[in-house]
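Numbers for residues simply follow the sequence, beginning at 1. Every heavy atom of this structure was used, including side-chain atoms; hydrogens, water molecules and symmetry mates were not.
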Amino acid sequence: MTINSNITQISKILGRNVDHLIKFLLKELATPGKLKQNNTLILGSKIPSSRINEKIKQYAEEFVLCPSCGKPDTVLEKDKGATYLRCTACGERVHIRTLM
């Protein structure tokens with residue numbers, strides 16, 4: 001079992017919903033887990049912090065940072081079942097994968 005006590009702070013820094021970040025982490029790390037009432041993420045497997053950090057960086061690159069200008073000034077938008085990353089700094093809008 002692995003415990004992450006600052007997942008809500010990480011999601012706030014990234015400007016994303018904590019549930020979206022957790023869904024990504026659980027899928028990418030292939031482990032069950034849940035968010036406890038005290039905002040602690042409990043993962044069902046023992047996972048090194050370096051691997052969790054690597055996945056958080058991957059999340060930021062895929063769902064936060066603009067692929068054109070590299071700025072984190074982005075929002076996730078849904079349009080006709082597709083998800084897009086829209087940059088409020090440069091105006092770029094790119095299709096991204098939807099987390100199932």
Side-chain angles (χ1 to χ4, degrees):
M1 179 176 8
T2 304
I3 298 173
N4 181 305
S5 59
N6 65 344
I7 196 71
T8 53
Q9 291 91 337
I10 293 169
S11 69
K12 285 178 185 175
I13 289 168
L14 294 174
R16 294 294 178 262
N17 183 299
V18 69
D19 294 329
H20 191 259
L21 175 58
I22 290 171
K23 192 175 193 179
F24 174 84
L25 289 173
L26 296 179
K27 185 174 183 180
E28 290 292 315
L29 295 169
T31 186
K34 60 184 171 181
L35 186 64
K36 293 287 191 177
Q37 282 186 328
N38 60 356
N39 294 324
T40 299
L41 176 62
I42 309 292
L43 299 174
S45 305
K46 186 165 175 60
I47 300 170
S49 60
S50 61
R51 183 131 195 275
I52 295 170
N53 291 339
E54 175 185 303
K55 291 301 177 183
I56 292 171
K57 182 179 178 189
Q58 180 183 341
Y59 178 85
E61 290 169 356
E62 190 171 341
F63 294 100
V64 179
L65 300 175
C66 175
S68 293
C69 70
K71 293 185 178 180
D73 306 334
T74 60
V75 291
L76 296 178
E77 297 178 337
K78 290 199 181 267
D79 185 19
K80 298 177 185 170
T83 305
Y84 295 90
L85 183 70
R86 184 176 56 83
C87 182
T88 57
C90 74
E92 181 74 18
R93 184 176 187 238
V94 294
H95 182 267
I96 57 172
R97 71 179 165 130
T98 302
L99 296 177
M100 296 290 175

message = Keeping T83 on the side-chain end and I96 on the backbone end, is there a donor-acceptor pair under 3.5 Å?
response = no
ask   = Honestly curious: do L14 and L29 fall in one hydrophobic cluster under the side-chain, below-4.5 Å linking rule?
value = yes
ask   = Can a salt bridge be assigned to the pair E28 and R97 using a cut-off of 4.0 Å between side-chain N and carboxylate O?
value = yes
request  = Determine yes or no for a side-chain-to-main-chain donor-acceptor pair under 3.5 angstrom, with K36 supplying the side chain and I42 the backbone.
outcome  = no
ask   = Between atom CD1 of I22 and atom CG of N4, what is the distance when rounded to the nearest 0.5 Å?
value = 8.5 Å
message = Can a donor-acceptor pair be found, under 3.5 Å and without considering hydrogens, that links the side chain of T2 to the backbone of I47?
response = yes
task = Could you grab the distance from atom SG of C66 to atom CD of E92, nearest 0.5 Å is fine?
result = 5.5 Å
ask   = Are the side chain of T74 and the backbone N or O of V64 linked by a donor-acceptor pair below 3.5 Å?
value = yes
query = Just checking, is any N or O donor in the side chain of K12 or Q9 under 3.5 Å from an acceptor N or O on the other one?
reply = no
inquiry  = Rounded to the nearest 0.5 Å, what separates atom OG in S45 from atom CZ in R51?
reply    = 9.5 Å
Side-chain donor/acceptor of T31 to backbone N/O of L26, under 3.5 Å = no
ask   = For the side chain to side chain contact (heavy atoms under 4.5 Å, CB included) test, which of I10, L35, L41, N39 pairs with V18?
value = L35
key: Non-hydrogen atoms of G70 and L65 that approach each other most closely   = O-CD2, 3.7 Å
ask   = Under a 4.5 Å cut-off applied to non-hydrogen side-chain atoms, are F63 and L85 in contact?
value = no
key: Test item: C87 and S68 side chains (from C-beta on) under 4.5 Å apart, heavy atoms   = no
query = CD of Q58 to CZ of F24: how many Å apart, nearest 0.5 Å?
reply = 4.0 Å
key: Flag side-chain contact, heavy atom, 4.5 Å: I3 against L43   = no
query = Taking C-beta and beyond as the side chain, do K23 and L99 meet within less than 4.5 Å on heavy atoms?
reply = yes
inquiry  = Within the structure provided, determine whether H20 and Y59 are in side-chain contact (heavy-atom separation under 4.5 Å).
reply    = yes
task = Walk me through it: do R93 and D79 pass the test salt bridge (Lys or Arg N to Asp or Glu O under 4.0 Å)?
result = CA-CA 12 Å; R93 184 176 187 238; D79 185 19; 3.3 Å; yes
task = Using only heavy-atom distances, determine whether the side chains of T40 and S5 contain a donor-acceptor pair under 3.5 Å.
result = no
task = Specify the closest pair of heavy atoms between G81 and T98, including all atoms of both residues, with the distance to one decimal.
result = O-OG1, 4.3 Å
